[in-house]
Each structure stands twice: as C-alpha cells, then as structure tokens.
Number of protein chains: 2
Amino acid sequence: MKDRVTIRDVARQAGVSLGTASRALNRTGRVSEEAIAAVTQAARQLGYRPDAVARSMRTRSSGVIGLLVSDLANPLYAQIITAAETAFQAAGYSLLVANTHSERKRETSLIELFRGRRVDGLILGPCEKESPELLEQLSRELPVVALDREFGQGCSGVQVDHYAGALQATQYVLNLGHTRVALLTPASDLRTGKERIAGFRRAFEERGLTPLPNLIRAEQSAMEFAFSEAMSLLSFAERPTAFICLGTRILAGVLQAIRHMGHTVPGDVSVISIGDTDLSRLFSPTITSLNWDLDVVGTCAAQLIFKQLDRKSQTPSAERIVVKTQLILRESCGPVTTQA
Amino acid sequence: MKDRVTIRDVARQAGVSLGTASRALNRTGRVSEEAIAAVTQAARQLGYRPDAVARSMRTRSSGVIGLLVSDLANPLYAQIITAAETAFQAAGYSLLVANTHSERKRETSLIELFRGRRVDGLILGPCEKESPELLEQLSRELPVVALDREFGQGCSGVQVDHYAGALQATQYVLNLGHTRVALLTPASDLRTGKERIAGFRRAFEERGLTPLPNLIRAEQSAMEFAFSEAMSLLSFAERPTAFICLGTRILAGVLQAIRHMGHTVPGDVSVISIGDTDLSRLFSPTITSLNWDLDVVGTCAAQLIFKQLDRKSQTPSAERIVVKTQLILRESCGPVTTQA
DNA sequence: CTGTTAGCGCCTTCAA
DNA sequence: TTGAAGGCGCTAACAG
C-alpha cells in the first residue's frame, strides 16, 4: 500500500495531466502559475521525489561529474577534490569519486561505470599507462579533463609544471655545491615522473654535468618503498648528499632511512620534498619544499569541464592549463660538506 | 549513423528475439547454447555495451555502493575506503564516494542522490548532527551501515571504541603523575567526541579526581584551530603538562604551538595522539599514539552491507561491530616535572 | 497553456 | 526454449 509515488500520482492529485506536472516541476516550457502552485503542493503533500534514474534515461544526463584518482589516501588529491567539488556544487552538479589504484583495468571499468550512469563529465587523474588516444576518444563523447596526466590534442587538461619544478629544485641543490643528488619520484612512465626526471636532468646539463643514473629512483614501487630505496642509496660508498623527494609519501620513508643510518639533516644530507604536508612543515628541521596551488588545480579542472559543457554541441574545446610550482625555502638544505 | 547499439540490435544481428538476447546476455532462464553463442558473438561484433541506467530502472538496483565521509582529506578515511573497496570489488560491487564536509544539508542531498541512483547500499560516516532516526528509517529501505557514528536499533554499524581508548590514554598519562591534562577532540556533539570525553572523565573519576573543564576542547572548530586552542591552553598560568590529541589534524597544531612557546616534548609537555600518520611516527620525539585497525573497520563495514543484502527480504539484520583501540607507547610522554 | 502520446533500453512475465 | 508484449518513471514532441 505504501507504493512509491510517481509523477503520475502528483498529476492526478493536482488535477492536471502528467505532462503539465512534469513541466511544472521542472519549470520548463509554458505553465500557468496556478498549475505550478497546485502541482508543487501536491508533490509536497505526497512526498514526491523524482526518480533520478528514469530521468537520466530520458535526458541522457545526470547532473553528476565523475572523478577518478589513483589514490584517495594522497592528501594532495583530497584538496584538489574539495576545490573541484565546491565549484561543481555551485553550478548544481554533484561530484562522485572513485579510486583506480592506478590500475588500468580498474580505470577502464570505472570509466565504463560512470559513462553508463550518464555522468555529465569526467576528470581523470594519473594512472598506470596513460593512453592519450583513450582520452581523445572519450573526449568526443563527453566532457573530459585530464588531471596531471598525458592527453592528446582533442582533450582538455590541467597539469602541474613538474619539469620547471624539478629543474628549480635541482638547480637550488646544485648551487649549494651538491653533485651526488638523488631523485625519488613515482613511476617514470607517468607524465609526472617523466617531467620531473627531465627537469632534473636539465639542471645537470646546464652545468655540463650528467646525473648519476643510479641515483634516479623512479620505479612504480618508489612510492611504497621509499624507505628501502633510501637505505640502499645511503649505503653507497659515495652516498648522495642531497635527496629530492617528489612524491607525497616519499619524504617519510627517506627521513626514516636517514635517521636509521644516523645521519643528520641538513648536516649530512640535504632534503627537498613536495611540501603541503604536516610532516614537512613540522619536522625538525622543517623541510624545503616544492609546492603548487591545489585549489587552483581543482578549480581549473572544474572550469574546463564547464567550458566543454557549454559548447557541448559545437566543436569540442580542447584547452590546456599549466600550474606553476614554487620552491619554499626552509631548513632542510645546506651546503655540501667536504667530508667523504 | 553511429547510433548507440542496443540489445535490440544485438538480437537482430544474432537472429533471435529481444527477449532471448537479454536472457543470453544475462545467463538467466533457459537458453540454448547456440543462442548464447550467437548472441555473445553479435554483441562483441557490434560492440554492445548494456545501458546501466536502463537496467537500473528495471531492476531497481545498480551494483554500486555509496559511501559518505565528512572529509576526504582525512587519511584515516582513505584507508578505510580502500579496505571497503577491496571487499566490494571482490563481490562485484563498485564503490562511489562523496564528501559531506560534515554538513547535514550536503549529507541529506547526497543520500538522496545515491538513493535516487539506486545504490544497493550506503555507508555513512560521521556528520554534524547524527540523527539515529534518520538512519533507522533509511535502513528500512536499503542496506545501511553507520561508520563510527550514532545509529538506532534498526540499523547496523561499526564503531571504534573511543571510550576505552580515551580511558586508557588518560590513565596512562595520569599514572605518569600528570593532573593538568588537556583533551582536544573534534565536535563534542558527535559520537566520537562524546565517547572520548566520557572516557577521559572516567579515568579521572577512577582516582577520585575531576578534570579541569576548561582543559577539554571539543568544539566543532577544534580540528581547524588546534594551533590556537593549544596556544591558549599553554598560556595559562597553570598550563597543562599533557595533551591528548584525538583528531587526525590536531597533533600538527599542538606540536606547532608547543614549539612556538619554546617548550619541549616530553620534557615540558607530554603528548598523545591518534597515530597512524607519518608525523607521529617520524617526529622527534616519536609520538605515543592511540591506534586502531582501519582495514578492519572498512572490511567490517562491507561485511555488514553484505549481510543485509543477503537477507534483503527478511527482517533487516541490525548488527554492531566494535573495534578496539591500542595504545602504542613511543617517546612523547614522560613523568610530570616538578616545576611550575 | 495543457493533455496525449511515444518512447529512452532493458527485463520479465505470459503464451506458444 | 523462445517470441511477443508490457511496463519501470520520466520527458519531449505534438496536437489541441
């Protein structure tokens, strides 16, 4: 007896036709004031709640934007998400988030899930094997934004200038006289990793140097195994005198290794890290950091979606936004010591 | 010309009827092997992908579970989510996450969103004003699990034993001779806050003491303003000699304040915090911490959903799982000094 | 301005 | 085992 109330019930109760009820509820087309009043009241009275699924089926849209990240536990994403969410909410969209764990398979199936649910837009973060073709193709079907990952001509994206960032960080360390500089960054087959390595290399080239290849640790595993990577690096006879840690979870592992080996920062080892974390702000010494504005990243991603939503019918607008990094000087870097 | 391909197209291509195609695709009812083969091939050939929305409309379900958290940036949630996700994926469900920012209004509208999209289950984290009635009512309509928040008789939930945790932490500090102990925890109107305060009080009572009321800081704002709260506490003539920080973001603020005031840990001030963070493991000194198993929390939440899914038709099974905390002794607590 | 009608794509009886 | 038909709840197009 407590059947769900449909728009049909509302129409009957309000004494109008189904079509009028729909128009009144959606304020679409021409409807009389009294019709609107009657329908609105009937709806409230009956506790009518529109069926989003049925609506999506008709309109082929849903009012939700999907966002895929590789790792929800990464606090950087959390802030980006929050910023994007705010923008979307203001525009009447809801943001739903899912986790790819950077696995291509999961990403594929989640894209399918979202698409099947008629999301009105898709924001895709970095993922194992970032195929630009996939994004271009997807971009032809619905608004897509690549978040700090590779994307082709036909697709929009916002990306952080990791190249310039790594370049600047490395220059800074080289200026302090370090030569044995280690770089730790997640997967080298991701755009973020590639760019960072390129920037790192460039800084060396500028001075006619070449970085020691075995000081670059950019395996997929670098993230999880920062500690053991750092331990291995520190046990070299000619150990690195500086560490550049370009991944959120890497700093912790490196600091742990440094402590474990009985070294001091910045006395024995200089350290630079990505920096929007409690750890880099509060560690003793505080950690010199490479930062960028996460709110801007999130907001821009939303904007790019909006732009595509607007000119949905026309040529898909592909646009690229680049966010600059900033080196925050703190206490964790010093001149190279003349020992060993 | 490149119209979407529906099951109807598949049926035609396979030379069977629409109904048979549906049955073949879903392996439901009786279908001949050859029909299955023909349909399967036709589907692949045409690149058929079932329309999730249309399917949901018919079946009134979706294969997705919704999860609402108050703050995606909280790394504790991230880990819980990951654990739950793994469990759901193994069972063929997808997990979609959204952010309430602990605002009742957002929560309401997101619940509505999820429900309207026919989620097969809902997991709800803490939120401003946790109305048990709401959960009970919701629970009658679909599988619901309360995550560390208050819930009524008819609802399932998994919760951490914050009472026992706070009790143990406080006992530990009292045993070290501290009497002026400060407690900082998020909102006192949430279950988590209430339980912690109760445990804290209980520890004092056990020794015939009463905690100084102004040393309990549990405003909604405590999270964001841990730094200023701690500064204010430390500027008392009779300042606290120990801080119990029961919120993920609180420790950072407190440590900052302690440093700012020129105090040392644990010499001048002892500190206990929630502990699954880089900061508490790597700070010098390392921070004595109250921990619990986040994977268990996530997994249990999923299990409780599954149970309700199973006996969907029968009486809704309400169950409560309690996860115990554990006090990890590290370096940040010491005996009270005889100064001041 | 309003009522009627026709599906969106799918699943699921009901006969055959 | 299969085909045909009837909706799920809603919106959009078309007459009135």
Side-chain angles (χ1 to χ4, degrees), chain A residues 2-40 42-43 46-64 112-113 115-120 141-142 313, chain B residues 2-40 42-43 46-64 112-113 115-120 141:
Chain A
K2 190 190 144 289
D3 254 353
R4 40 188 324 92
V5 5
T6 84
I7 199 174
R8 178 167 253 115
D9 301 320
V10 175
R12 188 173 333 157
Q13 170 88 2
V16 300
S17 83
L18 189 151
T20 305
S22 171
R23 283 180 294 247
L25 257 9
N26 299 307
R27 303 251 185 292
T28 175
R30 260 127 281 270
V31 208
S32 68
E33 283 304 327
E34 30 175 333
I36 291 190
V39 170
T40 310
L46 264 41
Y48 168 71
R49 284 174 339 210
D51 183 317
V53 172
R55 197 205 302 253
S56 281
M57 166 124 116
R58 265 315 304 217
T59 62
R60 319 197 66 69
S61 80
S62 65
V64 353
E112 194 55 29
L113 175 74
R115 229 162 57 114
R117 307 246 164 245
R118 299 284 132 75
V119 292
D120 293 328
E141 303 193 25
L142 82 171
S313 41
Chain B
K2 191 190 145 289
D3 254 354
R4 27 186 339 90
V5 7
T6 83
I7 200 174
R8 176 169 253 113
D9 302 320
V10 175
R12 188 173 333 157
Q13 170 90 0
V16 299
S17 82
L18 191 154
T20 305
S22 171
R23 283 180 293 247
L25 257 8
N26 299 305
R27 302 254 186 293
T28 176
R30 260 128 281 270
V31 208
S32 66
E33 282 305 326
E34 30 175 331
I36 292 190
V39 170
T40 308
L46 265 38
Y48 169 70
R49 285 174 340 210
D51 184 317
V53 172
R55 199 205 300 256
S56 280
M57 168 127 112
R58 269 306 307 214
T59 63
R60 319 197 67 70
S61 80
S62 65
V64 354
E112 195 55 28
L113 176 75
R115 229 162 57 116
R117 308 240 161 247
R118 300 281 132 78
V119 292
D120 294 330
E141 302 193 26

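In what follows, chains are A, B, ... by sequence order, proteins preceding strands, each numbered from 1.
B:N26 places its CG atom 13 Å from the P atom of C:dT13, with the value rounded to the nearest Å. Distance, A:M57 CE to D:dC10 P: 12 Å, rounded to whole Å. Following rounding to the nearest Å, A:R118 (CZ) and D:dC10 (C1') show an atom-to-atom distance of 14 Å. What separates CZ of B:R12 from C1' of C:dC10 is a distance of 15 Å, to the nearest Å. Taking atom CZ of residue B:R4 and atom P of nucleotide C:dC8, one finds them 12 Å apart after rounding to whole Å. Between the CG atom of B:D9 and the P atom of C:dC8 there is a distance of 11 Å, rounded to whole Å.
One finds the CZ atom of A:R8 at 10.5 Å from the OG atom of A:S17 (value rounded to the nearest 0.5 Å). For the atom pair CZ of A:R30 and CZ of A:R23, the computed distance is 10.5 Å after rounding to the nearest 0.5 Å. Atoms OG1 and CG, on B:T40 and B:L25 in that order, are 7.0 Å from each other to the nearest 0.5 Å. Here A:L142 contributes atom CG and A:R118 contributes atom CZ; the two are 11.0 Å apart, rounded to the nearest 0.5 Å. Note that CD1 of B:I7 and CG of B:N26 are 6.5 Å apart. Values are rounded to the nearest 0.5 Å.
Defined by atom type and a distance below 3.5 Å, a donor-acceptor pair is present between the side-chain atoms of A:R117 and B:S56.
Applying the salt bridge (charged side-chain N to carboxylate O under 4.0 Å, His left out) test to A:R60 and every residue at least two apart in sequence or in another chain returns nothing. In this view, A:R58 satisfies the salt bridge (charged side-chain N to carboxylate O under 4.0 Å, His left out) rule with no residue, not counting sequence neighbours.
Rounded to 10°, the angle separating the first-five-pair axis and the last-five-pair axis of the helix from C:dC1-D:dG16 to C:dA16-D:dT1 equals 40°.
Closest of all the heavy-atom pairs between B:V10 and B:A43 is CG1-N, 3.9 Å. Smallest separation of non-hydrogen atoms from B:G116 and A:A52: O-CB, 3.7 Å.
Where A:L25 and B:G15 each meet DNA chain D at their nearest nucleotide, the meeting point lying more 5' is that of B:G15.
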Protein-nucleic acid N or O pairs under 3.5 Å, nucleotides 4-7 of chain C:
from, atom 1, to, atom 2, distance (Å)
C:dG7, N2, A:R58, NE, 3.4
C:dG7, N2, A:R58, NH1, 2.7
C:dG7, N3, A:R58, NH1, 3.1

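Using a 4.5 Å heavy-atom threshold, the side chains of B:R27 and B:I36 count as touching. Within the 4.5 Å cutoff, the side chain of A:D51 has no heavy atoms near those of the A:T6 side chain.
Put simply, A:S22 has no side-chain N or O that comes within less than 4.0 Å of OP1 or OP2 on D:dC10.
Residues from residues 27-39 of chain A that place a heavy atom under 4.0 Å from any atom of DNA chain D: there are none. Of the residues in residues 47-56 of chain B, not one comes within less than 4.0 Å of DNA chain D through any heavy atom.
By the 6.0 Å contact criterion, CD on B:E34 is open, its count of non-hydrogen atoms from other residues, nucleotides or ligands being 12 or less.
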